Protein chains: 2
Amino acid sequence: MTTQNSLTIGRIAQSAGVAIDTIRFYEREGLLPEPRRRPSGYREYDEAAVSRLRFIRRAKDLGFTLDEIRELLALSADRHGGVEGVRERAAARLKAIDERIVELQRVRDGLSELVEACPGHGAPEDCPILKALAEPTR
Amino acid sequence: MTTQNSLTIGRIAQSAGVAIDTIRFYEREGLLPEPRRRPSGYREYDEAAVSRLRFIRRAKDLGFTLDEIRELLALSADRHGGVEGVRERAAARLKAIDERIVELQRVRDGLSELVEACPGHGAPEDCPILKALAEPTR
DNA sequence: CTTGACTCTTGAGTTACATCAAGGGTCTAG
DNA sequence: CTAGACCCTTGATGTAACTCAAGAGTCAAG
């Protein structure tokens, strides 16, 4: 099913939508296995490498760090119990995102109030934004 | 009103809730003016420095970068038109936060679906999380 | 065969924001 | 006076995730 035509680093970079340097970086970081080489030293990849790269990119889009992705990749290769770990990590990530959203909402609301209260002109002493920033710790 | 007792760097670090090294770093970065010195070379601060430090900390809590804070500080010292700039920057920051929240929500929802769909056991091929990550680009 | 695009390695640089280490002066309470 | 806490400078280190530069070899089309 999967054709076995060998791909250069430039090609897989193209299909996976990442930079060539990034691929070499991922390899150094152990996120990608060392590929076969041509006699010339050129790296040779197959479709599996493209999938793996896409996996990494997706996971990154979901906010996983490269360290976490390394874990996910290991878990995804673990046929026994790996799925449980994956679910755990995903749930943890979800929790972290939720917390981040709450935190950002808090900040947003505070800032929003200040922006609305500020007339946008007049003396610095009358600007509620500046006043809030300069105020002694509440 | 403001007492003129001179404060050491350790004292203002304490009252503003930042590290001593951070204060020297801010000074190098131009966020804090160079303070007077004792003959020994010790930095001497007053209450205004504490206010300024708190300003910086608050602004950082609101998600402003140090570059933006440098701007805010300059604007806050500008008696003519400064307030307008402050309001603009704050509004821009608010907009950025809103966008970030929307983005995080999107990610959150995607991840949440996957976590809920994953049974947490079984074969990797049946895990919707892994499937979603490995899937060809949609 | 030539040319231009592609790939190789090593090693350094980037951003943002600190944080630490080393080696040495200074201050103050007892 | 002395111990211990505090402060000084310079310069290096750390994190995350790349990104780039230099110099050299390789490949494919025409």
Side-chain angles (χ1 to χ4, degrees), chain A residues 5-32 34-46 49-50 52-73 93 96-97 100, chain B residues 5-32 34-46 49-50 52-73 89 93 96-97 100 107:
Chain A
N5 43 1
S6 80
L7 303 162
T8 60
I9 195 170
R11 279 189 180 290
I12 65 162
Q14 181 77 49
S15 5
V18 303
I20 289 178
D21 277 346
T22 302
I23 294 174
R24 289 196 277 245
F25 169 70
Y26 286 167
E27 182 183 321
R28 283 199 297 284
E29 292 294 303
L31 290 160
L32 293 174
E34 297 196 3
R36 286 172 278 131
R37 301 291 186 122
R38 291 196 204 168
S40 63
Y42 277 30
R43 290 170 176 79
E44 268 188 337
Y45 298 95
D46 54 19
V50 178
R52 202 172 168 99
L53 266 179
R54 289 208 182 107
F55 183 105
I56 295 170
R57 229 200 42 202
R58 295 257 166 63
K60 248 170 56 60
D61 288 347
L62 290 176
F64 287 97
T65 65
L66 294 190
D67 276 355
E68 289 167 333
I69 294 170
R70 214 191 323 269
E71 269 189 16
L72 287 178
L73 284 165
R93 184 89 268 282
I97 293 176
R100 182 70 183 134
Chain B
N5 43 2
S6 80
L7 303 163
T8 61
I9 195 170
R11 279 188 180 290
I12 66 161
Q14 181 78 49
S15 7
V18 302
I20 289 179
D21 278 345
T22 302
I23 294 174
R24 290 196 276 245
F25 169 70
Y26 286 167
E27 182 183 322
R28 284 198 297 283
E29 292 295 303
L31 290 160
L32 293 174
E34 296 196 4
R36 287 172 277 134
R37 300 290 187 124
R38 291 196 203 168
S40 62
Y42 277 30
R43 290 171 177 78
E44 268 187 338
Y45 298 95
D46 55 18
V50 178
R52 203 172 168 99
L53 266 179
R54 289 207 183 109
F55 183 105
I56 295 170
R57 229 200 41 200
R58 295 257 165 64
K60 247 170 57 61
D61 288 347
L62 290 177
F64 288 96
T65 66
L66 294 189
D67 276 354
E68 289 167 333
I69 294 170
R70 215 190 323 269
E71 269 191 16
L72 287 177
L73 284 165
R89 304 305 192 285
R93 184 89 266 282
I97 292 175
R100 182 72 183 131
V107 168

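Chain identifiers are assigned alphabetically (A, B, ...) following the order of the sequence lines, protein sequences preceding nucleic acid strands; residue numbering begins at 1 within each chain. Every value quoted in this text rests on a predicted model; they were computed, and no experiment measured them. All heavy atoms count here, side chains included; hydrogens, waters and symmetry mates do not.
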Within this structure, what is the CG-CG distance for the pair B:Leu31 and B:Leu66, rounded to the nearest 0.5 Å?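 Here the rounded value is 5.5 Å.
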
In whole Å, I'd like the distance from the [atom1] atom of [X] to the [atom2] atom of [N].
X: B:Ile69; N: C:dA18; atom1: CD1; atom2: P; result: 8 Å
X: B:Ile9; N: D:dC6; atom1: CD1; atom2: P; result: 13 Å
X: A:Ile23; N: C:dC6; atom1: CD1; atom2: P; result: 14 Å
X: A:Arg36; N: C:dT7; atom1: CZ; atom2: C1'; result: 16 Å
X: B:Glu68; N: C:dA16; atom1: CD; atom2: C1'; result: 12 Å
X: B:Glu27; N: D:dT9; atom1: CD; atom2: P; result: 8 Å
X: B:Asp67; N: C:dA18; atom1: CG; atom2: C1'; result: 14 Å
X: B:Ile56; N: C:dC17; atom1: CD1; atom2: C1'; result: 13 Å

Keeping B:Arg54 on the side-chain end and B:Ser15 on the backbone end, is there a donor-acceptor pair under 3.5 Å?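 Side chain of B:Arg54 to backbone of B:Ser15: a pair is present.
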
Can a donor-acceptor pair be found, under 3.5 Å and without considering hydrogens, that links the side chain of B:Arg93 to the backbone of B:Gly63?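 Judged by distance alone, yes, a pair lies under 3.5 Å.
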
Among [options], find the nucleotide with the atom closest to the side chain of [X].
X: B:Leu66; options: D:dG25, C:dA18, D:dT19; result: C:dA18
X: A:Arg37; options: C:dA18, C:dT9, C:dC27; result: C:dT9
X: B:Arg24; options: D:dC20, C:dT9, D:dC8; result: D:dC8
X: B:Tyr26; options: C:dT7, D:dA17, C:dA18; result: C:dA18
X: A:Phe25; options: D:dC8, D:dC27, D:dC18; result: D:dC18
X: A:Lys60; options: D:dT26, D:dC7, D:dC18; result: D:dC18

Quiz question: going by heavy-atom distance under 3.5 Å, is there a donor-acceptor pair between the base of C:dC6 and the side chain of A:Tyr42?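 Such a pair exists between side chain and base.
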
Hey, is the side chain of A:Thr8 poking within less than 4.0 Å of OP1 or OP2 on C:dT7, counting only N and O atoms?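 A:Thr8 to C:dT7 OP1/OP2: side-chain N or O found under 4.0 Å.
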
Under 4.0 angstrom between A:Arg43 side-chain N/O and C:dT9 OP1 or OP2: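 Result: yes.
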
Please say which of B:Gln14, B:Arg38, B:Arg43 ends up in a side-chain contact (heavy atoms from CB on, under 4.5 Å) with B:Thr8.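 Only match with B:Thr8 under side-chain contact (heavy atoms from CB on, under 4.5 Å): B:Arg38.
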
What heavy-atom pair brings A:Glu44 and A:Ser6 nearest, and what distance separates the two atoms?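 Smallest heavy-atom distance, with atoms named: OE2-OG, 3.2 Å.
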
Comparing A:Ser40 and A:Arg28 on DNA chain D - which has the more 5′ nearest nucleotide: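 Looking at the nearest nucleotide for each, A:Arg28 comes out on the 5' side.
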
